Amino acid sequence: MKNVDAKKPVFRFAPNPNGPLSFGHARGIVINGTYSKEHEGILILRFDDTDTTVKPPELSAYDLIPEEVEWLLGRPADRIVVASDRIPEYYQHAETMLKEGFGYVCKCSAEVFREYRESKSNCPCRDKSVENNMSDWNKMLDGTYKPGDAVVRVKTDMTLKNPALRDWPALRMQDTETNPHPRPNIGSKYKVWPLLDFQSAVEDHLQGVTHIIRGKDLMDSTRKQTLLYEHFGWTYPETIYWGRVKVHEWGGFSTSKMRASIENGEYSGWDDPRLPTIQGLKARGIQPEALRNFWIELGVTQKDISVPLATLFSHNTKMIDDEAPRLSFVRNPTEVLLQGQTPEFVGIPIHPNHPKKGLRNISLNPPTIFIESEDANGLYRLKEFADIGEHGNIESIDRSDKRPIIHWMSLTNSVEAVLIIPDQEEIKIVNGRAESNDYEIGTIVQLERIGYAIITEDGYLLMHE
RNA sequence: GCUCGUAUAGUGUAGUGGCCCAUCAUAAAGGACUCUCAUUCCUUUGACCCGGGUUCAAAUCCCGGUACGAGCACCA
């Protein structure tokens, strides 16, 4: 990374607060957050909430997102900036632009302007006088013009090789009567709103942002903004890009798609463990540190990549195994009545690597136990207890041969329970007997021979193996 | 179509001209430990997109091709 030593670097993460954060947003938070921490800089969380029509913000996100950022990083963002609070600043810069002559009010429709863009020719509005532009600007502000009638454009050069850069739009009008901004103190206050490229560029400068790390889909944004910075005489921040990330098991994910699926009842909410949202991952027992390690390991390359969920899970396993108490969960249980001498109790370690954590004392009075139906064929050894022969006959307390070791649970120490398995699109429910315990909801346990699970109100939610 | 970008083992990643018959992680296979198909540890398999060029020397620089991706919105 360049220029990090020169001064205190300033990074920013700038989502649209139009819903909860997704797995993909986590990358922006983790990468920017980690760099800012490593270089003793600061992290700005900025809400780019300047669209009230196409991707309208959601009020709850303003509180939720800072919490999610804090959960993920283990510390809050150093500064929070809300674009909709900063409209006067943007207006001021727009006016500077018009007065200095590097911006103009364009009254062409989007379609008409596309013609000019494609044919590399100047739009007639481009040559208007400053007075004319200011008068049109005021007509935008006071609502004489309506959405679609006029936009403010940045003068670049209509013959630029890259069509995306040709006199790009900086501010436009929105019907905030029909579509008011959800923040009550903003509401229908403004009719003219900056577009991302303008708002973000101006705000980055005002906040002293030194490094921008973002998706490569915004590469042309950088170029547009650089042209604006040249007009203003500012220096553009150092910029680094990352490519697209797909997770094998999830495919593409978009906020709007998820919203629709939640509304029609396919998912229980944004925190449904099947969803690639931060809340969903949290509900699924993914640790913030695992998520951080995952994104840091992927690094910041411009390649488009596709990763299996197993990579994230392996990071998570490293975080949780040491702490996860062991429990038995017997799927599709078969009852077995033990024959022969049985002790009153059998002690099984809570965690095999930490004997100090103690034992789970399993009562064998009555000597009725459950084992998984799949394990009920032939000889087996009950883990930490005894070799069992035909008809539940106890053959030996010591291990006498290589018969498979299986997990089990006594009638006394188990209760009916369900194992919830989020599997791609669907959720599988497996009935069984869970070892009795008094761990709190939210505790991460390891179900022996099955995998890690988190205790929920409804049952044991299987996280991963 | 135009513009921009990327191309290293199955999946990710390191590597900015010689320390590279290429790093690490993960996955897979085998083994040790373990009364879990967990954890930990060891071993093995496995890659520089293709073709030219520059150079004593190229994964690394240049050109062409191919593949993939992004932008060309009065969305972010």
Side-chain angles (χ1 to χ4, degrees), chain A residues 14-18 47-57 83 106 108-111 113-114 117-118 120 140 147-153 160-166 168-174 192-197 199-200 214-224 241-248 255-256 293-294 296-315 317-318 320-322 324 326-328 348-349 351-354 381-387 397-399 403-408 446-452 464-465:
Chain A
N16 178 354
N18 65 340
F47 294 109
D48 282 348
D49 56 345
T50 56
D51 178 81
T52 64
T53 317
V54 184
K55 292 179 179 171
C106 172
C108 304
S109 69
E111 298 74 47
F113 191 82
R114 186 177 309 139
R117 180 169 51 232
E118 282 167 8
K120 298 187 181 180
M140 286 176 75
D149 292 347
V151 297
V152 176
R153 291 187 182 282
L160 249 27
K161 271 174 73 181
N162 188 339
L165 312 185
R166 297 172 195 157
W168 54 272
L171 302 97
R172 84 324 203 163
M173 302 192 64
Q174 297 191 100
V192 178
W193 285 82
L195 287 150
L196 172 82
D197 289 312
Q199 177 271 126
S200 173
R214 60 182 170 193
K216 67 175 183 179
D217 52 314
L218 294 177
M219 260 179 180
D220 284 345
S221 241
T222 301
R223 297 181 184 106
K224 287 185 204 175
Y241 306 97
W242 60 63
R244 275 181 72 96
V245 172
K246 262 203 307 202
V247 171
H248 292 168
T255 303
S256 50
N293 292 340
F294 172 84
I296 290 167
E297 185 177 82
L298 291 194
V300 188
T301 67
Q302 291 189 33
K303 270 192 279 187
D304 299 312
I305 56 179
S306 183
V307 291
L309 220 36
T311 306
L312 176 61
F313 291 160
S314 95
H315 282 292
T317 298
K318 287 189 177 75
I320 60 178
D321 181 73
D322 222 31
R326 270 47 177 172
L327 285 180
S328 265
I348 304 179
H351 195 302
N353 301 348
H354 300 285
R381 176 174 176 78
L382 299 178
K383 189 170 184 292
E384 307 281 354
F385 176 42
D387 290 353
I397 293 296
D398 292 321
R399 193 164 187 194
R403 67 185 71 188
I405 297 165
I406 64 168
H407 67 292
W408 57 282
Q446 193 210 58
L447 303 178
E448 291 185 301
R449 294 178 67 223
I450 299 175
Y452 298 94
H464 49 81
E465 290 185 352

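Note that the structure is a prediction, hence the values are computed from the model and not measured. To find a chain, count down the sequence lines: A is the first, B the second, and so on, and within it residues start at 1.
Note on Lys318(A): a side-chain N or O is less than 4.0 Å away from OP1 or OP2 of U26(B). OP1 or OP2 of A76(B) lies within a sub-4.0 Å distance of a side-chain N or O belonging to Arg172(A). Contact annotation: Lys161(A) does not reach the phosphate of C72(B) (side-chain N/O to OP1 or OP2, under 4.0 Å). Proximity of Thr301(A) to the phosphate of U13(B): a side-chain N or O atom is located under 4.0 Å from OP1 or OP2.
The side chain of Ile405(A) has U36(B) as its nearest neighbour among G69(B), U36(B), G5(B). Here the side chain of Ser314(A) is nearest to one of A27(B), C75(B), C4(B), namely A27(B). Closest to the side chain of Pro169(A), from the set U3(B), C74(B), U11(B), is C74(B). Proximity note for Glu297(A) (side chain, C-beta onward) versus C4(B), U6(B), A25(B): the nearest is A25(B). Minimum atom distance to the side chain of Leu298(A) is reached by G12(B), of the listed U3(B), G12(B), C74(B). Distances from the side chain of Ala310(A) to the nucleotides A27(B), A76(B), A38(B) place A27(B) closest. In this structure, of U13(B), C37(B), G5(B), it is G5(B) that holds the atom nearest to the side chain of Lys216(A). Nearest to the side chain of Lys55(A), among C2(B), A76(B), A27(B), sits A76(B). Nearest to the side-chain atoms of Arg399(A) among the listed nucleotides C35(B), G5(B), U39(B) stands C35(B). Nearest nucleotide to the Arg326(A) side chain, out of G71(B), U6(B), A38(B): A38(B).
Here U13(B) sits opposite no nucleotide as a Watson-Crick or G-U wobble pair (both hydrogen-bonding atom distances under 3.5 Å). For U55(B), there is no paired nucleotide, since no Watson-Crick or G-U wobble pair has both relevant distances below 3.5 Å.
Residue contacts for Val307(A): at a heavy-atom cut-off of 4.0 Å it reaches the sugar-phosphate backbone alone, with no base atom in range. Residue contacts for Asn353(A): at a heavy-atom cut-off of 4.0 Å it reaches a base atom on one of the strands shown. As judged by a 4.0 angstrom heavy-atom cut-off over every strand, Ser328(A) is placed among residues making no nucleic acid contact. Within 4.0 Å of Tyr241(A), counting heavy atoms only, lies no atom of the nucleic acid at all. Residue contacts for Pro352(A): at a heavy-atom cut-off of 4.0 Å it reaches a base atom on one of the strands shown. Residue contacts for Glu384(A): at a heavy-atom cut-off of 4.0 Å it reaches a base atom on one of the strands shown. Within 4.0 Å (heavy atoms only), Leu195(A) reaches sugar-phosphate atoms of the nucleic acid but no base atom. At the heavy-atom level, Gly148(A) lies under 4.0 Å from base atoms of the strands shown. Using a 4.0 Å heavy-atom distance criterion, Thr50(A) is classed as a sugar-phosphate-only contact. Among the atoms of the strands shown, only primed sugar atoms or phosphate atoms (P, OP1, OP2) are found under 4.0 Å from some heavy atom of Thr317(A).
Ionic pairing of Arg326(A) and Asp321(A) is present here: one or more N-O contacts between side-chain nitrogen and carboxylate oxygen are shorter than 4.0 angstrom. By the 4.0 Å N-to-carboxylate-O rule, Arg172(A) lies close enough to Asp51(A) to be salt-bridged with it.
Taking atom NZ of Lys303(A) as the reference point, atom P of U11(B) lies 10 Å away to the nearest angstrom. Regarding Trp168(A), its CH2 atom lies at a distance of 15 Å from the C1' atom of C72(B), rounded to whole Å. Look at NE2 on His315(A): it is 12 Å from C1' on U11(B), rounded to the nearest Å. When the P atom of U8(B) is taken as reference, atom CG of Asp304(A) falls 11 Å away, rounded to whole Å. For the pair Arg166(A) CZ and C72(B) C1', the interatomic distance rounds to 9 Å; values are reported in whole Å. Phe385(A) has its CZ atom 13 Å from the C1' atom of C35(B), to the nearest Å. The interatomic distance linking Phe294(A) (CZ) with U13(B) (P) rounds to 10 Å, in whole Å. One interatomic measurement links the two molecules: CD1 of Ile305(A) to P of A25(B), which rounds to 18 Å at whole-angstrom precision.
Taking atom P in both C42(B) and C24(B), one finds a spacing of 12 Å when rounded to whole Å. Across G12(B) and U8(B), the matching P atoms stand 9 Å from one another, rounded to whole Å. For the C1' atoms, the distance from G17(B) to C4(B) is 27 Å, rounded to whole Å. Using C1' as the reference atom, G5(B) and A9(B) are 24 Å apart when rounded to the nearest Å.
A side-chain donor-acceptor contact under 3.5 Å links Gln174(A) to the backbone of Thr52(A). A donor-acceptor contact shorter than 3.5 Å is absent between the side chain of Arg244(A) and the backbone of Gln302(A).
A donor N or O paired with an acceptor N or O is not found under 3.5 Å between the base of A70(B) and the side-chain atoms of Arg244(A).
For Asp322(A) and Asn16(A), each mapped to the nucleotide of RNA chain B holding its nearest heavy atom, the one lying further toward the 5' end belongs to Asp322(A). With the nearest nucleotide of RNA chain B identified for both Thr311(A) and Asp321(A), Thr311(A) has the one nearer the 5' end.
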